[in-house]
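Structure record follows, encoded as structure tokens.
Just so it is clear: chains get the letters A, B, ... in the order the sequence lines come, proteins before strands, and each one is counted from 1. Because the structure is predicted, anything quoted here is derived from the model rather than measured.
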Amino acid sequence: MKLLYLIWRNLMRKKIRTTLNLLSVFIAFVLFGALLAVKTAFEAGVDLAGLDRLVTIHKVSLIQLLPESYGRKMLTVDGVSGVAHATWFGGVYQDPKNFFAQFAVNPEYLEMYPEMRMPEEQKQAWLANRTGAVAGRQTADRFGWQVGDRIPLQGTIWRTPDESAWEFVIDGIYDADKGFDTTNLFFHHEYLTETTGFEGQVGFYTLHIDDPERSAQIAEEVDKLFANSPAETKTSTEKAFAQGFANQVGNIGKIVVSVLIVVFFTLLLVAGNSMALSVRERIGELGVLKTLGFTDSHVLAMVLGESYLITLLGGGTGLALITWLTRAFDLGGAMLPTLHLPWTGVLIGVTLLAAMGFVSGAIPAFQAQRLTIVDALRRT
Amino acid sequence: MFSWLAQIFTVSVFNLRNLSQRTGSSASTVVGVAGVVLVFVAVLSIAAGFTRTLASTGDAESVIVMRSGATDEMSSGLSHDDTRIISDAPGVSRGERGPLSSAELYVIVDVPKVGTDTPANVPLRGVSQSAFSVRRDIEIVEGRRFEPGRNEIIVGRAASQQFAGLELGDENRWGENDWQVVGIFSTGGTVEDSEIWCDAKVLQPAYRRGNSYQSVHLRLSSAADYERFKDALTTDPRLSVKVEKKAEYHAGQSTAVGGMIRALGIVIGILMGFGAVFGALNTMYTAVSARTREIATLRALGFGAGPVVISVLVESLLLAFIGGVIGAGLAYVLFNGFQAATMNWQTFSQIAFAFAVTPPLLVGGLIYAVVMGFVGGLLPAIRAARLPVATALREL
């Protein structure tokens, strides 16, 4: 307890220096959290992908369509307990800048995703309404949509016969836990085929499987069904699909990690150096403390305690702030809708806090510990 | 006036000579600033490279025509008749074999990135023979052009480097067809270097597109004909199309991704900059407090407050400038020309590009370093000048 008091007094002696050190560490951890949140957003869906879901796309590329008849055949594969399909719509709401994803789906699609929560009466209303649509909370909030609103989308790939805008009625708005994308809009595939007259083709399939352990085998069997047909398929777990998509953006993970290393190295050096300075200035005092009977380990603990206190106070506040900011607000906007710092990231941050407190204080602390009284007093 | 300058000079030299006594903390300031400038310039060079690749696509006479309402080639669609009407419009440049106009298809094909087995959506463009005269800078660097009607592809140089199985002579099975790479082409670093090209007539059945196309790329006789050409098409009752200069079309495609990377770089750079300024402040405060008596002595000898302030600032600016040069230099050596590929969100297709550490970025990094040095030195400098001489001399 005495030591803690000494540490506190030492920190208060040069208030400017202590404040500056606190702020450096604070910023290092705000940056850490922000970068990790960006990385998470780019790899959106990878962590949250359902292990019991598979995605089947056209083997040549995901823009090619698959026959709607495949769905029934997929259900015959042992282990497949549900099949739903979706088709990319690519409509424009008022201006191309207002981008969000829209999919034409069959009713089973929403059942595939228990992550999407919606009042039962809204779901029933959607099922009963041919031109109905279900929108994610983030997109609904962005444009101020309410249940019952009528919204026009200009088709790009899919056109109405007279090239006019498509009309949808918002029947439901779904919510989900932070990290799950709530920017999408879903509507009935039937509406698409009836309006365009283009039947029998869908964009991709989502499959529900009973046993995630067998996912690789089931995926292989599904693809075997359609081998050597005009439209061969490629089936993968939803996680692998999301990861593949994230990888296409570029190796964001690698870039972010390299930036983080530079950031930490830089700020660690800055903070570590000024802690070393403050010990060097106090060598004489440390000699006096030792003369008074403080042991070597007391002195070690005191100096290390100082760096720990600064790191925990500054870094802890930074980490807490960025965690709160990314969770309470939609900082990512429409570009990175799932931007947030996941709890695993917070945990890594706490580990780093502990490591940084040690590393930045270690050298001066061990110097102080090894200091002999005679040397220390002579040096002043 | 002269003596004032002489004072500044004397005190500054006096300070800088002492630097060797404070190597540790001075070096940490230099490294701190270097780290900030390195990250700042490196992240912005990604955005600069990406934007440059897209913006360099298409000269003043190059025009692209798509269906009205389409946001990109992928979501566009034109019938064979549409493309004929477009080619015959006024203002289109004509060569020996008719108008310089190429009706094209734009699809994607799954090809793994080199060194991984993750598939990437590589753009596959079906072109007409006139595509080679519509684009001015295109050249075949290896092999030959594809032959009309055959399953042959030519690959852009960047695509050939970034994606697997796209070297001269390679065969790929996509869908029901085998495609052979018969040539490598270069368009001088434009976005089309990330593409694979083949005969549009061969691509139509392979992707079940009947006799339709997605865009018409053409060359005008002169850039001044643009308005006339555009008016002719948009007022033609048989058509519902939008006409864009190719350069503008591609610049528009880069705003979202380029803007996001740039915003990211600036936010990281500013936050890190604060960290470095705190470090510099600490170093300079320590430097000043270590020299309290020296400074007081100088003041007692008749040196003015101004020269003392400036001398501290000079030291801090010098340290920051050295840091800036190191950081910017490292960014240039490590990242200029670094090859990467990313996805264009609009079309889900890959764009290969090179990081570009441009002169404005280097200058910007150095300016930023100097600003950090100034902010980091100013407060300690003022404190040094404000010290009451008597107290400071008494201080041990």
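- Contacts of A:Ile27 with chain B are made by side-chain atoms alone, with heavy-atom separations under 4.5 Å and no backbone atom involved.
- Between chain B and the residues A:Trp88, A:Trp158, A:Phe26, the most heavy-atom pairs under 4.5 angstrom are made by A:Trp88.
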- request: Assess whether side chain to side chain donor-acceptor pair (under 3.5 Å) is satisfied between A:Ser61 and B:Asp110, documenting all intermediate values.
  value: CA-CA 5 Å; A:Ser61 78; B:Asp110 265 7; 5.9 Å; no
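- When heavy atoms are compared at a cutoff of 4.5 Å, A:Val30 approaches chain B solely by way of its side chain, counted from C-beta outward.
- Per-residue counts of heavy-atom pairs under 4.5 Å with chain B were compared for A:Gln154, A:Lys59, A:Gln64; the largest is that of A:Gln64.
- The salt bridge (Lys or Arg N to Asp or Glu O under 4.0 Å) check on B:Arg383 picks up nothing, with sequence neighbours excluded.
- For a residue to count as touching a neighbouring chain, one of its non-hydrogen atoms must lie under 4.5 Å from one of that chain's; by this rule A:Asn21 touches chain B with backbone and side chain alike.
- Residues satisfying the side chain to side chain donor-acceptor pair (under 3.5 Å) test with B:Ser349, not counting sequence neighbours, are B:Tyr106, B:Thr347.
- Using a 4.5 Å cut-off between heavy atoms, B:Leu264 touches chain A through its side chain atoms alone.
- The part of A:Leu35 that comes within reach of chain B is its side chain, from C-beta onward, which places non-hydrogen atoms under 4.5 angstrom from that chain.
- Both the backbone and the side chain of B:Phe274 have a heavy atom closer than 4.5 Å to some heavy atom of chain A.
- With chain B as the partner, the residue from A:Leu20, A:Thr266, A:Ile16 showing the most heavy-atom pairs under 4.5 Å is A:Leu20.
- The choice from A:His58, A:Arg159, A:Lys14 that makes the most heavy-atom pairs within less than 4.5 Å of chain B is A:Arg159.
- Using a 4.5 Å cut-off between heavy atoms, B:Leu38 touches chain A through its side chain atoms alone.
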